[in-house]
Amino acid sequence: MQHLTYQTLDGSRAALSPDELDALAQGIRGGILTAADADYEQARRVWNGMVDRHPALIARCLGAQDVRHAVDFARTHRMLLSVRSGGHHIAGNAVADGALMIDLSLMRTVRVDPEQRTARVGAGALLGDLDHEAQGVGLATPLGINSTTGVAGLCLGGGFGWLTRKYGMTIDNLLSADVVTADGQLRVVSATEEPELFWAIRGGGGNFGVVTSFEFRLHPVGPQVYAGLVVYPFAQARRVLQAWRDFAAGAPRELSVWTVLRQAPPLPFLPESIHGQEVVVFALVHNGDPDEGERLAARVLEFGEPVGSMLGTQPYAGFQTAFDPLLAPGARNYWKSHNFAEIGDELIDALIHGASNLPGPECEAFIAQLGGAMGEVAETDTAYAGRDANFVMNVHGRWQDAVDDDKVRDWARGVFRDTAPFATGGGYVNFLTEDEESRVDSAYAQNYARLQQLKQRFDPDNLFRMNPNIAPAALARTA
C-alpha cells in the first residue's frame with residue numbers, strides 16, 4: 001500500500017504511511033476503503049446528486065469502538081473528518097474531499113421494548129427501519145416523511161413529521177444517546193447523565209460528537225391511520241390555501257395537513273388532463289379514531305372543487321413511504337427554507353407566484369403544519385430553536401441535468417427572497433444548504449452563545465466541522 005494524501009484541518013495536505021493506514025484498518029471491524037477499492041464509489045455517494053466528493057479514506061464502522069478508533073485517528077493526524085449515517089442531508093456534509101469519512105451506514109440495528117415503549121436505534125438506521133420495528137407492536141416516534149432518511153441526522157437537527165403536533169419533535173422523544181466526543185471518549189448522555197451534552201445534541205447537529213446509538217420514547221400509533229391526498233387545480237390556489245390556513249388554526253393535534261405546490265405527477269387517481277399541470281396538494285395524516293379522521297378529511301375536501309383525492313385507512317408505515325418515489329437518491333437538489341408563525345394572504349400570494357414559475361416538473365414548495373406539542377417545549381430547553389414555527393416551508397428544487405443548475409437555484413432563491421418578509425427569521429438546520437453558513441447563528445437564535453461555549457468544551461479544535469457549523473467560542477472570537 002502506498003502513501004495516501006489527505007486534507008488536514010487547516011486546509012493543507014499531508015500523507016499517511018502504509019503502516020499508519022494499517023493501524024487504522026486494524027481497529028475498524030468493517031474495514032477501510034480508498035479510491036482503489038471496488039466498493040469506494042458506492043460508499044462515497046450521498047442522496048443529493050449534486051454532491052460529488054472524494055474522501056481519502058472511508059472507515060466502515062460496525063460499533064462504538066470502531067468509531068472511537070476512527071475519531072482518535074483523525075484527531076491525531078488532524079484529518080478533515082466527515083460523518084455519514086443516511087447521507088440524506090441536502091448540503092452533502094457526510095462526505096468531503098480528502099477527508100476521513102466515518103461511515104455509520106452499516107449500524108442499522110433497531111431493538112424495540114414494547115413494555116417500556118422505547119427503542120434503541122443504531123446510528124446508521126433509516127426511518128423505515130425504525131418504523132418497521134416499532135409498528136410491528138403498534139408503536140412509533142415522530143420522524144420525517146421519507147423512509148430512506150437517516151435517523152441520526154434527522155434527530156440531531158431536530159426532526160419533525162406527521163406525529164409532531166401530537167408527540168413533539170424527534171428530539172423531544174430522545175431519552176438517551178451514546179456519543180463519541182472529539183477526545184475519543186464514549187459518553188452516555190441523558191437528562192441526568194452529561195445533561196449539557198444531552199442538551200446540545202438535541203438540535204445542535206453533529207457539532208459535538210458522533211452519536212453511535214439513540215434511545216427513543218415510543219407512542220401508540222396505528223398501525224392503521226386515516227391518511228391520504230387531496231388535489232386541487234392551481235386556479236383555486238388562493239381560495240384553498242386560505243381555507244387550509246383557517247382550518248389548520250383549529251385542527252386537533254391528532255391531525256396534520258401539509259400543502260405542496262407543484263406539477264401533478266401521473267398518479268392513478270388523477271385525470272390525465274391534469275398530469276404535468278400546476279396543482280395544490282394537501283397531504284394529511286390523522287392518528288386517532290378512523291371515523292374522526294374521515295370526518296376531518298371531509299373538511300379538506302370542502303376547501304374547493306378537487307380534481308382528485310385518495311383518502312382512507314391505511315398502514316402508517318406504508319404512508320411513511322408514500323413520497324419515496326418523488327425523493328429517490330441521485331437527482332440534483334437545492335433547497336431554501338423559512339419558518340412561519342402564521343400564513344397571511346400576502347404570503348399565500350408570494351407562494352402562488354413562485355409556484356406559477358416552476359422551473360421543472362420535480363420542483364415544488366411544501367409547507368408543513370406544525371405547532372401543537374412542539375410549541376409547548378421552551379425555546380431554551382433544547383438546542384433546537386424555532387418552537388414558534390407553526391409552519392415550515394421548504395422550497396425544493398429538484399432536477400436531473402446540470403445544465404439547469406442556475407435556473408433552478410435562481411428560482412428557489414427567488415421564492416425564498418419573496419417570502420422572507422413573512423418569516424420568523426429562524427431556520428431549520430436540516431434544510432440549510434452548503435451556501436447558508438451565515439444562517440446558522442440565526443437558526444439557533446438565543447441558544448447560539450451557549451452552543452459555542454459547549455463546542456469549546458467538547459470540541460475546541462472544531463474536529464466536527466462538516467455540518468451547519470457552530471464554531472468554538474475561542475475560534476469565533478479570533479475569526
Side-chain angles (χ1 to χ4, degrees), residues 48 88-91 144-146 153-154 157-161 164-165 169-171 203 205 237-238 241-242 244-245 248-249 256-262 280-283 327 333-359 363-372 374-375 379 383-398 408-448 468:
N48 187 355
H88 207 278
H89 191 268
I90 182 65
I145 65 167
N146 180 201
L154 175 91
F160 63 80
T164 292
R165 287 172 43 73
M169 303 185 73
T170 309
I171 53 171
R238 196 169 198 273
L241 288 172
Q242 288 174 329
W244 166 68
R245 180 259 324 274
S256 291
V257 185
W258 296 16
T259 188
V260 186
L261 287 76
R262 60 165 295 136
V280 181
V281 182
F282 294 102
L327 296 167
N333 291 267
Y334 183 82
W335 295 354
K336 297 292 283 188
S337 177
H338 277 309
N339 291 351
F340 302 111
E342 59 185 11
I343 305 292
D345 287 349
E346 290 180 288
L347 173 56
I348 288 174
D349 290 341
L351 289 167
I352 292 171
H353 175 73
S356 66
N357 296 285
L358 294 170
C363 297
E364 63 184 22
F366 81 74
I367 299 182
Q369 178 200 8
L370 299 178
M374 168 186 163
E379 289 280 356
Y384 179 86
R387 300 284 180 170
D388 59 344
N390 292 314
F391 303 91
V392 173
M393 175 189 72
N394 188 14
V395 182
H396 185 176
R398 181 178 171 91
V408 178
R409 283 185 296 204
D410 288 347
W411 167 77
R413 290 165 179 164
V415 178
F416 175 81
R417 180 191 63 244
D418 292 346
T419 54
F422 317 106
T424 64
Y428 181 46
V429 294
N430 283 348
F431 286 170
L432 296 185
T433 54
E434 63 176 343
D435 58 359
E436 292 189 296
E437 282 295 318
S438 63
R439 295 187 67 198
V440 174
D441 58 347
S442 63
Y444 289 113
Q446 69 276 4
N447 292 335
Y448 191 63

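Here the structure is a predicted model, which means the values were calculated and not measured. Each residue takes its place number in the sequence, starting with 1.
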Nearest heavy-atom neighbours spanning A385 and A443: CB-O, 3.5 Å
Any F282 side-chain heavy atom under 4.5 Å of L241 side chain: yes
Residues, nucleotides or ligands: over 12 heavy atoms within 6.0 Å of E346 CD: no
Between N333 and H396: side-chain donor-acceptor atoms closer than 3.5 Å: yes
Considering all heavy atoms, the nearest R439-G426 contact: NH2-O, 3.3 Å
Spacing of L347 atom CG and M393 atom CE [to the nearest 0.5 Å]: 7.5 Å
Residue that, paired with Y334, satisfies side chain to side chain donor-acceptor pair (under 3.5 Å) out of N48, D410, D435: D435
Gap between atom CG of N357 and atom CD1 of I352 - 0.5 Å precision: 12.0 Å
Smallest separation among heavy atoms of G157 and V429, with atom names: O-CG2, 3.7 Å
Test log, rule side chain to side chain contact (heavy atoms under 4.5 Å, CB included), inputs N339 and N390: CA-CA 8 Å; N339 291 351; N390 292 314; over 6 Å; no
Pair V392-L370, side chain to side chain contact (heavy atoms under 4.5 Å, CB included): steps then yes or no: CA-CA 7 Å; V392 173; L370 299 178; 3.5 Å; yes
From CG (L327) to CD1 (I145), nearest 0.5 Å: 6.5 Å
Between CE on residue M374 and OG1 on residue T170, distance to nearest 0.5 Å: 11.0 Å
Donor + acceptor pair across side chains of N447, E379 (<3.5 Å): no
Main-chain N/O of R398 paired with W335 side-chain donor or acceptor, under 3.5 Å: no
Parallel, tilted or perpendicular: ring planes of W244 versus F391, cut at 30 and 60 degrees: perpendicular
Plane angle bin for Y448 and Y444 - parallel if under 30°, tilted between 30 and 60°, otherwise perpendicular: parallel
Step-by-step side-chain hydrogen bond (donor to acceptor under 3.5 Å, both in side chains) determination, H89 to N430: CA-CA 7 Å; H89 191 268; N430 283 348; 4.8 Å; no
Test log, rule side chain to side chain contact (heavy atoms under 4.5 Å, CB included), inputs L351 and T419: CA-CA 7 Å; L351 289 167; T419 54; 4.2 Å; yes
Short side-chain donor-acceptor distance under 3.5 Å, H353 and D418: no
Within-4.5 Å side-chain heavy-atom neighbours: Y428 and N394: no
Lys/Arg N to Asp/Glu carboxylate O, R245 vs E342, below 4.0 Å: no
Intermediate values then yes/no, side chain to side chain contact (heavy atoms under 4.5 Å, CB included), V408 and C363: CA-CA 8 Å; V408 178; C363 297; 3.9 Å; yes
Close side-chain approach of E436 to P468, heavy-atom, < 4.5 Å: no
Aromatic plane relationship, W258 with F366 - under 30° parallel, 30 to 60° tilted, over 60° perpendicular: parallel
Side-chain touch R238/I348, heavy atoms, less than 4.5 angstrom: yes
Rounded distance [0.5 Å steps], CZ in F422 versus NE2 in H338: 10.0 Å
